[in-house]
Amino acid sequence: MRRDQVTEMCRANSVATRKRRVLTPNDLKHLVVDEDHEMIYCYVPKVACTNWKRVMMVLTGRGKYSDPMEIPANVAHVSSNLKTLNQYSIPEINHRLKTYMKFLFVREPFERLVSAYRNKFTQKYNTSFHKRYGTKIVRRQRKNATQEALHNGNDVKFEEFVAYLIDPHTQKEEPFNEHWQTVFSLCHPCHIHYDLIGKYETLEEDSNFILQLAGVSNYLKFPTFAKSTRTTDEMTAEFFQNISMEHQIQLYEVYKLDYLMFNYSMPAYLKTE
């Protein structure tokens, strides 16, 4: 059903846009390849991608690791630790896309967005994000910003982040950062036919089903995590309370394809009339 929903939306979308883009190797940076088990995983930041990268490191490590949780999170994100599809030749890419089992995980788009905001803009240690994006957001979205805020960019409000995302200038200037880029743009579900679409809401069940299909479930289970800091639906609704109706509608438009493709209904808390 999840696959059919994507196919249906791709058909409707291609009719609407008439744009047939051909993928380039650069579009495939998010597709992690496991040669030994013939699997391809498209990682989407803020959708359990750290744990899935850990699992992929166990699967591709040929015995180097046995327990995903023994791999530190920062090590899981070192790009050289995993091979991605853009590193292959065109014939090799096509062969793998045709024959390997391809999967991705998705999450309610606004919940994923709030999770990215909380992680990148409210944690003191994320200074690279504050400098790279925070300063730009403050400069553009805050009237009478202090010199300190313009220099540090470490106190971006959620409302300012939303205003930055819906500002047409933002996407003209450069693609969204992967933490808030749409799944549609990161994983290209209309060009790549995923065999499995996992959901964050049923993460453990879906992940272990994939590991079962890969034939590794006898020695590898997906890590369970009881994170009390996890972004929930209630939390997301709270963040959206201060967002104007106009901005909410514009933001929904940005993520609309993710909502429709992956069968998420428009959030009940949205002020749409």
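- Every residue two or more places apart in sequence or in another chain that forms a side-chain hydrogen bond (donor to acceptor under 3.5 Å, both in side chains) with Glu173 is listed here: Lys136, Arg140.
- Between Phe110 and Phe240, the ring centre distance stays below 6.0 Å.
- With hydrogens and angles ignored, the 3.5 Å screen pairs a side-chain donor or acceptor of Arg3 with a backbone N or O of Asp195.
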Item to check | Residues Val55, Leu220; criterion side chain to side chain contact (heavy atoms under 4.5 Å, CB included); working and verdict | outcome: CA-CA 8 Å; Val55 168; Leu220 186 56; 3.9 Å; yes
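- For the pair Pro45/His30, a side-chain contact is recorded, criterion being any heavy-atom separation below 4.5 Å from C-beta on.
- In plain terms, the two heavy atoms of Leu23 and His191 that are nearest each other are CD1-CB, 3.6 Å.
- Note on Glu174 versus Arg132: salt bridge recorded, some NZ/NE/NH1/NH2 to OD/OE distance being below 4.0 Å.
- Residues forming a side chain to side chain contact (heavy atoms under 4.5 Å, CB included) with Thr99 (at least two apart in sequence, or on another chain): His95.
- The CD1 atom of Ile249 lies 13.0 Å from the CD1 atom of Ile243; values are rounded to the nearest 0.5 Å.
- Annotation: the span from Ile93 atom CD1 to Tyr88 atom OH amounts to 9.5 Å, rounded to 0.5 Å.
- Donor-acceptor pairing under 3.5 Å is recorded for the side chains of Glu92 and Ser89.
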Please list, one pair per line, the donor and acceptor atoms closer than 3.5 Å that link side chains of residues 159-167 to other protein atoms, with sequence neighbours excluded.
residue: Glu160; atom: OE1; partner: Arg142; partner atom: NH2; Å: 2.9
residue: Glu160; atom: OE1; partner: Lys157; partner atom: N; Å: 2.9
residue: Glu160; atom: OE2; partner: Arg142; partner atom: NE; Å: 2.7
residue: Glu160; atom: OE2; partner: Arg142; partner atom: NH2; Å: 3.4
residue: Asp167; atom: OD1; partner: His169; partner atom: N; Å: 2.9

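- In this view, Ser79 satisfies the side chain to side chain contact (heavy atoms under 4.5 Å, CB included) rule with no residue, not counting sequence neighbours.
- Pairs passing the salt bridge (Lys or Arg N to Asp or Glu O under 4.0 Å) check and including a residue from residues 239-259, sequence neighbours excluded, read Glu253-Lys256.
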Item to check | From CA spacing to verdict: side chain to side chain contact (heavy atoms under 4.5 Å, CB included), Lys199, Val47 | outcome: CA-CA 8 Å; Lys199 292 208 158 185; Val47 192; over 6 Å; no
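- With values rounded to the nearest 0.5 angstrom, Phe103 atom CZ is found 10.0 Å from Leu31 atom CG.
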Name the atoms and distances for all side-chain donor-acceptor pairs under 3.5 Å in residues 64-77, with sequence neighbours left out.
residue: Asp67; atom: OD1; partner: Met69; partner atom: N; Å: 2.9
residue: Glu70; atom: OE2; partner: Ser66; partner atom: N; Å: 3.2
residue: His77; atom: ND1; partner: Lys53; partner atom: NZ; Å: 3.2
residue: His77; atom: NE2; partner: Thr50; partner atom: OG1; Å: 2.8

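- The shortest distance between side-chain heavy atoms of Met101 and Ile40 does not fall below 4.5 Å.
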Next on the checklist: What verdict does the side chain to side chain contact (heavy atoms under 4.5 Å, CB included) test give for Val106 and Ile197, after you've listed the backbone C-alpha separation in whole Å, the side-chain angles of each residue and the deciding distance to 0.1 Å?
Outcome noted: CA-CA 7 Å; Val106 298; Ile197 298 155; 4.2 Å; yes
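- Evaluation of the disulfide bond (SG atoms under 2.5 Å apart) test over residues 93-138, restricted to residues two or more places apart or in two chains, returns none.
- Residue His130 comes nearest to Asn154 through the heavy atom pair ND1-CB, 3.5 Å, listed as atom of the first residue, atom of the second, then distance.
- Geometric assessment of Lys120 against the ring of Phe129 yields a positive cation-pi assignment under the 6.0 Å and 45° thresholds.
- Residues that satisfy the salt bridge (Lys or Arg N to Asp or Glu O under 4.0 Å) test with Arg139, not counting sequence neighbours, are absent from this structure.
- Annotation: Trp180 is not in aromatic contact with Tyr255 [ring centroid separation under 6.0 Å not met].
- Distance CZ/Arg2 to CE/Met261: 16.0 Å, rounded to 0.5 Å.
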Item to check | Check against side chain to side chain contact (heavy atoms under 4.5 Å, CB included), Phe262 and Val6 | outcome: CA-CA 7 Å; Phe262 305 114; Val6 169; 3.8 Å; yes
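- Nearest heavy-atom pair, His179 versus Arg112, reported as atom, atom and distance to 0.1 Å: O-NH2, 3.5 Å.
- Glu35 and Tyr100 share a side-chain donor-acceptor pair at under 3.5 Å.
- Residues passing the ring pair (Phe, Tyr, Trp, His ring centres under 6.0 Å) test with Phe239 are Tyr117, Phe158, sequence neighbours excluded.
- Screening residues 42-130 for disulfide bond (SG atoms under 2.5 Å apart) gives Cys42-Cys187 as the qualifying pairs, with residues at least two apart or on separate chains.
- Put simply, the side chain of Ser207 never gets that close to the backbone of Glu204: no donor and acceptor are under 3.5 Å apart.
- Defined by atom type and a distance below 3.5 Å, a donor-acceptor pair is missing between the side-chain atoms of Asp34 and Tyr41.
- When atom types are taken as modelled, the side chain of Glu178 and the backbone of Val44 share no donor-acceptor pair closer than 3.5 angstrom.
- Taking the charged nitrogens against the carboxylate oxygens, Asp36 and Arg62 do have a contact shorter than 4.0 Å, which makes a salt bridge.
- Rounding to the nearest 0.5 Å gives a distance of 9.0 Å between OH of Tyr43 and CG of Leu82.
- Residues Ile90 and Pro25 share a closest heavy-atom pair of CD1-CG, 3.9 Å.
- Using a 4.5 Å heavy-atom cutoff, the side chains of Asn81 and Thr60 are not in contact.
- Residue Pro189 comes nearest to Tyr194 through the heavy atom pair CA-CE1, 4.0 Å, listed as atom of the first residue, atom of the second, then distance.
- With sequence neighbours left out, Asn51 forms a side-chain hydrogen bond (donor to acceptor under 3.5 Å, both in side chains) with Arg54.
- Considering NZ of Lys98 and NE2 of His193, their distance stands at 11.5 Å, rounded to 0.5 Å.
- Just one residue in the list Tyr200, Phe209, Phe222, Trp52 forms a ring pair (Phe, Tyr, Trp, His ring centres under 6.0 Å) with Phe105, and that residue is Trp52.
- Taking 4.5 Å as the limit, every side-chain heavy atom of Phe176 sits out of range of all side-chain heavy atoms of Ser185.
- Inspection of the Tyr259 and Glu108 side chains reveals an N or O donor paired with an N or O acceptor under 3.5 Å.
- Here the shortest heavy-atom pairing between Gly198 and Asp206 reads CA-OD2, 3.5 Å.
- Taking the side chain as every heavy atom from C-beta outward, His151 and Thr135 never approach each other to under 4.5 Å.
- Here the side chains of Leu196 and Met39 are not in contact, with every heavy-atom distance at 4.5 Å or above.
- Under a cut-off of 6.0 angstrom, the local environment of CD in Gln123 is crowded, with over 12 non-hydrogen atoms contributed by other residues, nucleotides or ligands.
- Here Thr231 pairs with Arg107, Glu111, Val114, Ser115, Arg118, Met235, Thr236 under the side chain to side chain contact (heavy atoms under 4.5 Å, CB included) rule; sequence neighbours left out.
- For the pair Leu28/Thr84, no side-chain contact is recorded, criterion being any heavy-atom separation below 4.5 Å from C-beta on.
- In this structure, the side chains of Val32 and Lys83 stay at 4.5 Å or more apart for every pair of heavy atoms.
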